[in-house]
Amino acid sequence: MNPFEARATSGIKGLHPYQPGKPIDELQREYGVSDVVKLASNENPLGPSPAVLAALQNKFAELARYPDGNGFELKQALAARHGVDMAQITLGTGSSDPLEFVVRVFVQPGDEVMFSEYAFAMYPIITQAASATAVITPANDWGHDLDAMRAAVTERTRVIFIANPNNPTGTWLDSEALQTFIADIPEQVMVVVDEAYFEFASDPALGAVGYPDATQWLNLFPNLMVTRTFSKAYGLAGLRVGYSLSHPDVANLLNRIRPPFNVNSLALAAACASLGDTDHIRRGVALNAEQMHAVTTAVKEMGLDFIPSVGNFVCIDVGEEAAAIYDALLYEGVIVRPVANYGMPRHLRVTLGLPEENTHFLTALKKVLA
Ligand SMILES: *Cc1c(COP(=O)(O)O)cnc(C)c1O
């Protein structure tokens, strides 16, 4: 161990950094393939609303200025949209920011942070970085087992993370189950409902009957925090902007550690502009539902199993050779996401792209499996 590593906190020493999906450039460089589709990071294949590009143009002249550190305009728009007070909002460089802030605010070394088996990979990283203890409850048919989570709460539990729907599994919890769960959790435990894929899951065409909007419960549960992002349905992953909604006293604490200019001026302008273009979101969500049907139907016809998902991605069981299949797909110019690091060595997670991108993937998968 080098002397710097020896001095790092125990949490940092045990940290395994988040593995992002392989960038398109890297694949082109290393594998020499030109026609590449990236279906690895749950990005919006339609890109952002055209209104975003116009809003960005208008901001270029002001790049020498610091952004509005309070994000007034964006917070005002979000407050109106969610029917909350501006004081309940914490803006982030992606929703990753508030997810991390809540742990930094409430969790001391040795405290417990709870999440499910197969839950989003950021949660163990944030927990480990705080030198806290991760309490990982067994999944139930790939989804969160709320009874197991309730039973695992101890006096040391500070934060519970629930992704609804979850990434990478795409599994979801209905309104009654989730609300009953939160009502059952002691008030000194923060319950974080991560709604990164809310727009997709709430589309009736995906069939998640009773899928809740947890922001509606903020007045019922002062210990509830809900996160949303502009990275997925809004197509702004590259600009990094997200937020949490919580009790104002919680937001006040989160905002104390928020770096003052964590959302840059282009991201603020883009987020505001994209909120106004509901038609664009509707188009993306409709495309997603249609492509979910197309891809899962094709996968079924190939005799493969998949985990039913209400996100913009699906985990396909390709068998024991998943790592080799992932690699072979790269040579076909298709980047998907291996999920062995989630304890899912048989699955590959595929983001739903444009129809032609999904066809490229399905053709490549057939070829590789043959
Ligand atoms: C993509 C994702 C996020 C959002 O990340 P950003 O920092 O907002 O880009 C949060 N939670 C889950 C479960 C995700 O899949």
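As the structure lists them, so they are numbered: ligands from 1, and atoms in each ligand from 1. Starting from 1, each residue takes its place in the sequence as its number.
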Ligand 1 polar-atom proximity to protein (N/O, under 3.5 Å):
from, atom 1, to, atom 2, distance (Å)
ligand 1, 7 (O), Ser95, N, 3.2
ligand 1, 7 (O), Ser96, N, 3.0
ligand 1, 7 (O), Ser96, OG, 2.4
ligand 1, 7 (O), Arg240, NH2, 2.8
ligand 1, 8 (O), Ser95, N, 2.7
ligand 1, 8 (O), Ser95, OG, 2.8
ligand 1, 8 (O), Thr229, OG1, 2.5
ligand 1, 8 (O), Ser231, OG, 3.4
ligand 1, 9 (O), Ser231, OG, 2.6
ligand 1, 9 (O), Arg240, NH1, 2.8
ligand 1, 9 (O), Arg240, NH2, 3.3
ligand 1, 11 (N), Asp194, OD1, 3.2
ligand 1, 11 (N), Asp194, OD2, 2.6
ligand 1, 15 (O), Asn167, ND2, 2.7
ligand 1, 15 (O), Tyr197, OH, 2.6
ligand 1, 15 (O), Lys232, NZ, 3.3

Go through the side-chain N and O atoms of Glu187 and Asn223 and say whether any donor and acceptor fall under 3.5 Å apart. no
Do Leu39 and Val36 share a hydrophobic cluster, counting only Ile, Leu, Val, Met, Phe, Trp and Tyr and linking them when any side-chain heavy atoms are less than 4.5 Å apart? yes
Note: Arg346-Glu321 ion pair, threshold 4.0 Å (strictly below): no
Salt bridge or not for Glu112 and Arg158, using N-O below 4.0 Å? no
For Arg150, enumerate each residue passing the side chain to side chain donor-acceptor pair (under 3.5 Å) test, keeping only those at least two apart in sequence or located in another chain. none
Considering the options Tyr342, Phe306, Trp142, Phe313, which one meets the ring-ring contact (aromatic ring centres under 6.0 Å, His included) requirement together with His347? Trp142
